[in-house]
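What follows is one structure encoded as structure tokens, with my remarks underneath.
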Amino acid sequence: MTDLKFLQFQVTWMQLISPCFWEEVCIILQLGFVGIILLPLVQKIVSKTSRNIAAQASKDYPIVAKVSLSYRASIVCSSLMLCIHVLKLLMLLYSMNDTRCNSKLEAYSSEIVPVISWAVTIIVVCLVPKRKHIRFLWILRTWWAFSFFFSIISTVLDTYLKTEEHGYLKMIDYANFISLLPSFILLIISIRGKTGLIFIDSHNIAEPLLSGKTDKDSNKRRGSPYGKATLFQLITFSWLNQLFSVGIKKTLEEDDIPDVDVKDSAEFSSFAFDQNLKQVREKDGSTNPSIYKAIFLFIRKKAAINAMFAVISAGASYVGPYLINDFVNFLAEKKTRDIKSGYVLALAFLGAKMVETIAQRQWIFGARQLGLRLRASLISCIYKKGLVLSSPSRQSHTSGEIINYMSVDIQRITDFIWYLNIIWMLPIQISLAIYILHTSLGLGSLAALAATLIVMSCNIPITRIQKRYQSKIMDAKDDRMKATSEVLRSMKTIKLQAWDSQFLHKLESLRKVEYKWLWKSLRLAATSAFIFWGSPTFISVVTFGACMLMGIQLTAGRVLSALATFRMLQDPIFNLPDLLSVIAQAKVSADRVASYLQEEEIQQEAVEHVPRDQTSFDVEVDNGKFSWDPESTNPTLNGVQLRVKRGMKVAICGAVGSGKSSLLSCILGEIEKLSGTVKVSGTKAYVPQSPWILTGNIRENILFGNPYDNNKYDRTVKACALTKDFELFACGDLTEIGERGINMSGGQKQRIQIARAVYQDADIYLLDDPFSAVDAHTGTQLFEDCLMGILKDKTVLYVTHQVEFLPAADIILVMQNGRIAQAGTFDELLKQNIGFGNLVGAHKRALESVVTVENSSKTCQDLGSDGESDTDLTSNAQQLQQKHGSDRLHPQEITENGGKLVQDEEREKGSIGKEVYWSYITTVKGGFLIPIILLAQSSFQVLQIASNYWMAWASPPTSETEPTLGMKFVLLVYSLLAVGSSLCVLVRAMLVAVTGLWTAQTLFINMLHSVLRAPMAFFDSTPAGRILNRASTDQSVLDLEMASRLGWCAFSIIQLLGTIAVMSQVAWEVFVIFIPVTAICLWYQQYYIPTARELARLAGIQRAPILHHFAESLAGAAAIRAFDQENRFIKANLGLIDNHSRPWFHNVSAMEWLSFRLNLLSNFVFAFSLVVLVSLPDGIINPSIAGLAVTYGINLNVQQASVIWNICNAENKMISVERILQYSNLASESALEIEECRPHNNWPEVGTICFRNLEIRYAEHLPSVLKNISCTFPGRKKIGVVGRTGSGKSTLIQAIFRIVEPREGSIIIDNVDICKIGLHDLRSRLSIIPQDPTMFEGTVRGNLDPLVQYSDNEVWEALDKCQLGEIVRAKEKKLDATVIENGENWSVGQRQLFCLGRALLKKSSILVLDEATASVDSATDGVIQKIIDQEFKDRTVVTIAHRIHTVIDSDLILVLSDGSVAEFESPAKLLEQEDSLFSKLIREYSMRSKTFQQLRKSA
């Protein structure tokens, strides 16, 4: 029989010091505990005053405590421990033979002191309700933890010595075994720390002191069962039972999922993390605190608890291998041994497994929970930073990059939290393994240690290379996501310009770079998998070889104990590369997030806020110097001197790029202040030049977080000319707006954001070109009712290019080259006759062209008053509405669809279809590699079992028995089998990597092609966040996880079958229990899957809104800051995080719920098999082979759980495949080219456009936007399209380009029906300057000529013609000058001119101008019109314009009203009819400038 030398040495050492050493240590520690506990009690007894006060308090305020299970358990377990020690004391008094200590005093004291300690414990616990403690005292918790470890050590030592000396156990030893259960429960209570008591005063008012919930939280719709769970429920995860009972009956919806506990909520986590950052900032005295220190402070408490559970789990897992040698010896010597010791060994195996199961489940759950908290706090931190980034910082991080930080980087940091516990477990696992090997193999263990260290050291170079690859993958992913985000945002422009193929190739080439690094990374991972799967065999060969050389005999027991240990060692060795890889990934991600969080913020002190009672000026800028780029030598604004009195109207005008918008930005504090002072008195409202509209309904956009006041709201809507629009919308102001207001016209978006500003009722209004996107009539109405009406008492600064809005201003600022060149009233500026005269002159010429046409008409009536004009227009509109009323949607249809454009994200329901799995498996070559992978894994398993079986069979059962074969031959065969199994792993690992990445690439390309070929309607109704989510998070799962997850399902099943085969070969009786237990396991899986699957789906869907809201907030950060709405948006972000956390948290908890139950069942099977082996008569089974069965059986619980866990995990991950497949089969646009219907090369030659009964609607459930349009635009003529905002002008243009397909009717260009030719053939032959100017990140040249079709000279020529030549030449890099994301380093007017440059280069026969000059001043507008007249004189030009003078000299005018043709004639003929809509528009325009004309004459 093998002696446990190391343990014996320790026991002997303790006895040498003193025979009563253990008793002395325990007495000292327990007396210390009693002393610390009694000290405060003695103090209180001595202090009479405190006693009286306490008594008085209890009399006045009687408190009743509602006891919890946790509190009850603490009393019961403490009482049980007291009883056990009293019993042990009595047995000691009865017989001194039960103790090793020869001193009676110390022996009795060793039991009397625990009796006193536990009596004191019970008294202290009973006092808890009286003292109103919500947590147990720290000393009490320390004592419980100490008593657990003390019980374990004393039980193990006593049992070992008894079995060594006497061979049987006494009553006192069984008492020790029993004490383990209550002491373990007390350990759990001490870790949790909470008493669970709810205190109720005399008025029956409950104080949920423990729940920690605020009033606000308690009013939530859903409670948190986890927060209210008892200790037993926390251990068994049965607090989830209610959710499972709902999930099995019906498909889970969002409202069925309970809330997370307060401590897991985003608000709590975010606040705690902010406090940690603040703490680090104060401690280090730096403005940029270390994120690593903050994360450490944030996670330390919870991580310490997790670490303790992880260490207990790791320790318990090695009890099995430690006892195998004893078990084999017992079976070999069954005749001479008492069968009770066999059952004690079986009980020890089971006890260790139970402790391991409970501790393992708790640490894994705790790590997931901590990851959830850290993720919530970091997402919130990144979001808050995004709202305050300075302009240079914002330019250095694109939206795609920042969204990647939030989705991918944070996921990697939280993954590390899970692996964190492996850091503590690794040294313990390796130390225990070497210790066990030392007890059985002596010095042979040193060879095992050396081999283990060699295998582990192989990691160092692999991890270094892997870290570099991970960094490259992230960079490549960033570039791809940035480009994808830009393409999605500019999809309309890309389709209009026929650049689809170009951008598709760009995204494919970026993916190729990413693919290259992914392949290198996966190839390296496959190599490391080979090393670590082969490591147990390598270590065992080295160890057994060393034992032979040293002459250490290898018995079956020793070999099996060693093999079991090597299998256990495989876990830490296998985890090490993963751990190092995760550390590498987390370090890269944390550095990226840290560098982002340390970016420069906007200057909070740039604007000084002055109380309104201390000044009569609302805005003061004194000697201001500002720059968007602080490093540039030329400031954007210089020498700004401005004082605006309360209630003044200040107009700001000037040429394109002169600094008008920058002047407003300096008042908002958006642009960096280099010198000077800015003072603002009062609240601000801001209307940016490019409309910023939030996804949601119109009313939400106008209210913008303010309470709804019916009267105020109606006044606002009326003043902003939105009443008519609301009548046209299916659901009025509750109509849903698409992403970035995609289903609204430019004018509607502009007026909605003006209404938002007006409803705020601020003191100061900053309006950046608010009239550019609206027609003449609406512009006048806005100016009169809004600016001069509802805002008449407010301070208003407005930028405008329309000179007719200048005379009403109290002061006009003329901007030139970043300075206020002139300031004064309209009169004063005209007299100065400098730069202002140019602007006015251009406007006068434009006006004269209108007046000339008007005067030449036959009926030149006197102009009516404002009111008359308005009435005529209204009555005419009413007639038109009655005329076309029949075309509107039926009320029932409207009600059913709710006017909703953006539908809720599609979500599959029920089990994931077999076709999803089949699609994934057969994507690559019909899945021909799958059988090879399975064959390789099966071969590995067979060879591994064969090698272990060979060693067990060939080794002698005891050291006395002679081996039947030579040990050299035994080792040679073992080595060959081991090498064969390792090579199978290499083949399998490589094939999985190849197949997985190949499949991921194929599915990505399919999705990319499907999305880019989708019609524009798809992008209008699908937030970009949904597509980006699939392209980033879901694609990451496919790239790096999916293949291995699916592979592991098969591999774990193969492993489990191998284990069952070995166990049943020894004791077929195991099958009797295994079959029903497997059935129960399968039932549990079926019960678990429906709930877990829906939770995973909901978690996937709830991720997109976080990213979408963040992208929207980044785009409108300036507006959010201007309206002081940061807190509301931060709160909304926290709410969205919680919406994602709820299903995610319950999903990971559900996995632990299942794993716990499966582990219990497999522990039961293992225990049963041990009892069978112990109970079988001697000689029926070979002890060596029985030992092999136990060696495999030790891992049965892990394997059985891993089969179910892997299947469930693969199904959860398969949701990513399902989501990508959803977007791989989208309805496509028509073909880009149709070979049999290709137009000839010079088509369209003339440019005649003929509309026949055209009808357009954006979606089947929405009303028609264009109705029965029939007219012909003659070739080589200029056609002006006018009409009120929202009348369908832009839709008509989209129809020409087939952005929206006709529902009925046709469009014919030069006798070719455009619906019958390819889209690329159509769009590449037409030119457009769109309403929203779009620029792409890159260079000036790349923006003008992305297809590289033109020479540099041609590009320069186009730039000169569109007035940008000088500006670009002034740039350092000329044509390679940088254009940042969205073209934000160029003004809106300049962006519009770039779009003109594209059209000039293209030289098409048909040019469409969609409000093309809305964002430029009158002078530039005049120049552009001249260029168009010259360059496109023999071409068809279709112009949509709000400035009447841009269409007044057209050959024909098309007037649209409510989506129908109201008028279509030459301007002269239309002006002859005084009741025509066009006449009214002309009168409106000229009347609007009446004041201006009078002022001009008097000047």
Side-chain angles (χ1 to χ4, degrees), residues 391 602-603 605-612 614-628 634-689 757 762-770 787 791 793-801 803 805-830 832 834-836 839 1118 1121-1122 1387 1417:
S391 181
I602 56 165
Q603 299 167 307
E605 69 289 345
V607 177
E608 189 185 327
H609 293 276
V610 183
R612 289 182 71 73
Q614 290 180 15
T615 178
S616 59
F617 293 100
D618 271 359
V619 178
E620 284 183 83
V621 183
D622 187 26
N623 199 21
K625 188 177 181 183
F626 307 89
S627 181
W628 288 113
N634 296 327
T636 313
L637 296 174
N638 201 355
V640 177
Q641 204 74 32
L642 176 65
R643 299 180 95 191
V644 181
K645 278 190 174 175
R646 196 157 295 153
M648 275 179 82
K649 303 289 177 285
V650 180
I652 303 164
C653 61
V656 170
S658 59
K660 304 182 293 298
S661 298
S662 299
L663 185 64
L664 294 186
S665 294
C666 82
I667 297 165
L668 289 167
E670 293 297 318
I671 184 169
E672 184 144 345
K673 183 175 76 176
L674 303 177
S675 64
T677 58
V678 180
K679 293 180 184 177
V680 171
S681 175
T683 55
K684 306 180 295 293
Y686 171 56
V687 176
Q689 190 170 9
D763 301 316
I764 304 161
Y765 283 81
L766 304 167
L767 314 178
D768 195 350
D769 205 4
L787 232 73
L791 301 180
D793 299 324
K794 307 284 185 182
T795 305
V796 182
L797 288 85
Y798 61 98
V799 170
T800 186
H801 291 127
V803 176
F805 294 130
L806 297 177
D810 298 315
I811 189 167
I812 300 165
L813 306 178
V814 182
M815 298 298 295
Q816 201 171 349
N817 300 326
R819 291 176 177 273
I820 300 176
Q822 292 171 275
T825 61
F826 191 79
D827 251 349
E828 290 165 3
L829 292 177
L830 279 177
Q832 288 176 24
I834 321 171
F836 186 64
L839 291 170
R1121 289 193 290 267
S1387 76
D1417 57 86

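Please read all numbers here as calculations on a predicted model, not as lab measurements.
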Closest non-hydrogen atom pair between [X] and [Y], with its separation:
| X | Y | value |
| --- | --- | --- |
| A1122 | L668 | CB-CD2, 3.5 Å |
| D810 | G647 | OD2-O, 4.1 Å |
| I602 | E670 | CG2-O, 4.4 Å |
| I671 | Q603 | O-OE1, 4.2 Å |
| A655 | K660 | O-NZ, 3.0 Å |
| A651 | A809 | CB-CB, 3.7 Å |

Got a second to check how far [X]'s [atom1] is from [Y]'s [atom2], nearest 0.5 Å?
| X | Y | atom1 | atom2 | value |
| --- | --- | --- | --- | --- |
| I820 | L637 | CD1 | CG | 8.5 Å |
| T795 | F617 | OG1 | CZ | 11.5 Å |
| I812 | T825 | CD1 | OG1 | 7.0 Å |
| E608 | S681 | CD | OG | 10.5 Å |
| F826 | I811 | CZ | CD1 | 14.5 Å |
| C653 | Q816 | SG | CD | 10.5 Å |

Can you find a pair of side-chain heavy atoms, one from [X] and one from [Y], that are under 4.5 Å apart?
| X | Y | result |
| --- | --- | --- |
| M648 | R643 | no |
| I652 | L664 | yes |
| F626 | V621 | yes |
| T800 | L806 | yes |
| I764 | I667 | no |
| Y686 | L766 | yes |

- prompt: Okay, side chain of K673, backbone of G624: is any donor-acceptor separation there less than 3.5 Å?
  reply: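 Absent.
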field: Main-chain N/O of L787 paired to Y798 side chain as donor or acceptor, under 3.5 Å
entry: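 Not at all, since once roles are kept as given, no pair shorter than 3.5 Å links the two residues.
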field: Residue that, paired with S661, satisfies side chain to side chain donor-acceptor pair (under 3.5 Å) out of T636, D769, D768
entry: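 So the option named by the test is D768.
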message: As a test of understanding, state which of K679, R646, K645 forms a side chain to side chain donor-acceptor pair (under 3.5 Å) with D618.
response: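 The single option meeting the side chain to side chain donor-acceptor pair (under 3.5 Å) with D618 is R646.
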- request: With sequence neighbours left out, write down each residue that passes side-chain hydrogen bond (donor to acceptor under 3.5 Å, both in side chains) with K625, or none if nothing qualifies.
  value: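 Partners of K625 by the side-chain hydrogen bond (donor to acceptor under 3.5 Å, both in side chains) criterion come out as none, since no residue qualifies.
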task: Using the test side-chain hydrogen bond (donor to acceptor under 3.5 Å, both in side chains), find all partners of Q641 that sit at least two apart in sequence or belong to another chain.
output: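 Result, side-chain hydrogen bond (donor to acceptor under 3.5 Å, both in side chains) vs Q641: D622.
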query: For N623, does the CG atom sit with more than 12 other heavy atoms under 6.0 Å from it, leaving out its own atoms?
result: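 Correct, the count exceeds 12.
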message: Before you tell me yes or no, could you show the steps for T615 and E620 under side chain to side chain contact (heavy atoms under 4.5 Å, CB included), namely the whole-Å CA-CA distance, both residues' side-chain angles and the distance that decides it to 0.1 Å?
response: CA-CA 10 Å; T615 178; E620 284 183 83; 3.9 Å; yes
